[in-house]
Amino acid sequence: MSKTLLIKNARVLVTMDAQRREIEDGAVFIRDNVIVSVGTTDALPQDADEVIDAAGHVVIPGLVNTHHHMYQSLTRVIPAAQDGELFNWLTNLYPVWANLTGEMVHVSTLTAMAELILSGCTTSSDHLYIYPNDCRLDDSIEAAHTIGMRFHAARGAMSVGRSKGGLPPDSVVEDEAAILKDTQRLIETYHDASRHAMQRIVVAPCSPFSVSRDLMKEAARLARSHGVSLHTHLAENVNDIAYSREKFAMTPAEYAEDCGWVGHDVWHAHCVQLDDAGIGLFARTGTGVAHCPCSNMRLASGIAPVRKMVDAGVPVGLGVDGSASNDGAHMLGEVRQAMLLQRVGFGPDAMTARQALELATLGGAKVLNRDDIGSIAPGMSADVVMFKLDGVGFAGALHDPVAALVFCTPANVNHSVINGKVVVKDGVLRTVDLPVVLERHNRLAEELALA
Ligand SMILES: [Zn+2]
């Protein structure tokens, strides 16, 4: 039996369709997990099994988060890591993360996803690259299933410890054969290549400074033999560039190309220091970038040349990055920071509110190599979020509610539909008991900080 859902009376519906239509008094008709029709309220069916009255709401496609480390929600604002740049920050956190457990991965993933969903996100990737004790990616995947979020689970890895010239301590790195074997197991167990898939696996060695060239190449081979995407960190700051030049005698972009890490099935986080040749390479090959403005500011990594990337044709999505370097993973807030940071770097016309919103929807979908999310149009996955505009934060801005969503104080969603299911109603997450999850999360975070 199919189930229908009607969202009607939207103040404005932002479709992100081919014409970028914004429909006043908009409506969306959904059957099961797929959008059937989009238009004005009077032009659509008047009834459905479930009806959401979106009067006074801006309705947009669910936001797509392309970079995160959800376990880091347990290690926000650790004093020793509050004020360092990337390498210093990592060096202070690796020993804390060495005590991570499977239970911690599960609970922190629920927490991070709750925060994302409430901030307008419906699809997220997560890059879990540290597997001490009994940690497994399965713990994250189970959490995504419970909370009802569309999930690209990236099997990260570190294999080059300090004794071999890498950055992480030897105690947190894994054997390369074991990494590849576990990654293959995860693909075979969980990867769903079908349209509207809720669950995909990504092959994701952590970064050039924590894995070998061999693992980068083998990872690419494994991913391509199964048709799954590749993800890593690249060209994040000047020390990252220096490491690449010293160890590989190449720029990060040259190294990525040498390892087979370019193509529409690859996306790299940050790329703050990607040079012009790298931008050209990414544009030619369709290689994606996850832009994480808050994290880049937090770690003083610099301003990624996003305007230049987009103009060149590089697919760019947004990411909140891990909560140890943000430390507020608000997806709509990230859209706002993306717009503001481009202006700091490149002038007031470097990015508009609507362009920033496009990065977080269509851009993110492209980066994750999907054509079934990121817009509200017939045949697309039913991922739709609704923001209410009656709060003090929007007062005086209602003449342009779409721009207000990005310019004004970032709001939480009032309703969220993910894969046709109402996951947030009237501001309340329906799939998990959030206060219970948070209490558990905070207890585990304290254990980790004191260990
Ligand atoms: Zn990251």
Side-chain angles (χ1 to χ4, degrees), residues 64-78 81 84-94 96-97 100 105 108-109 112-113 115-116 121 124-131 137 140 151-158 166-168 172 202-211 216 219 229-241 243-244 252 256 261 266-274 287-302 304 306 316-331 334 337-338 341 364 367-368:
V64 180
N65 178 38
T66 60
H67 189 64
H68 208 333
H69 314 287
M70 297 190 185
Y71 74 91
Q72 291 180 10
S73 296
L74 294 159
T75 56
R76 284 176 154 160
V77 295
I78 296 287
E85 60 72 57
L86 176 66
F87 283 15
N88 169 281
W89 172 86
L90 277 170
T91 310
N92 278 298
L93 285 168
Y94 285 136
V96 182
W97 296 339
L100 203 66
V105 169
S108 59
T109 304
M113 286 184 167
E115 185 176 19
L116 282 174
C121 184
S124 186
S125 182
D126 185 45
H127 191 188
L128 182 62
Y129 55 78
I130 190 163
Y131 293 86
L137 191 61
S140 311
F151 190 38
H152 287 224
R155 205 306 183 180
M158 300 193 289
L167 192 71
V172 296
V202 179
V203 181
C206 184
S207 64
F209 56 81
S210 59
V211 303
M216 290 293 284
S229 285
L230 287 159
H231 180 48
T232 193
H233 294 90
L234 202 79
E236 183 164 347
N237 75 358
V238 289
N239 291 335
D240 198 356
I241 305 292
Y243 185 95
S244 184
W261 276 71
V266 183
W267 87 100
H268 296 283
H270 304 302
C271 299
V272 173
Q273 305 291 342
L274 194 67
T287 308
V289 169
H291 173 48
C292 309
C294 285
S295 173
N296 297 161
M297 288 188 272
R298 174 17 162 127
L299 298 173
S301 301
V306 170
V316 179
L318 298 184
V320 296
D321 203 0
S323 287
S325 72
N326 187 322
D327 308 24
H330 197 287
M331 196 61 211
E334 209 67 32
Q337 297 292 13
L341 187 57
V367 162
L368 295 186

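Every number for a ligand or one of its atoms is a count from 1 in the order of the listing. Positions are given from 1 along the sequence. None of these values were measured; they are calculated from a predicted model.
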Does any N, O or S atom of [X], backbone or side chain, fall under 2.8 Å from the Zn ion (ligand 1)?
X	result
H67	yes
H69	yes
H233	yes

N326 versus V320, closest heavy-atom pair with distance: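 Looking at all heavy atoms of both residues, the shortest contact is ND2-O, 2.8 Å.
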
Candidate pair E236 and R298, rule salt bridge (charged side-chain N to carboxylate O under 4.0 Å, His left out), full reasoning: CA-CA 12 Å; E236 183 164 347; R298 174 17 162 127; over 6 Å; no

Charged tip of R155 within 45° of Y129 ring normal and under 6.0 Å: no

Atom nearest to the Zn ion (ligand 1) - D321, N, O or S atoms considered: OD1

Parallel, tilted or perpendicular, as decided by the 30° and 60° cut-offs, for the rings of H231 and H127: tilted

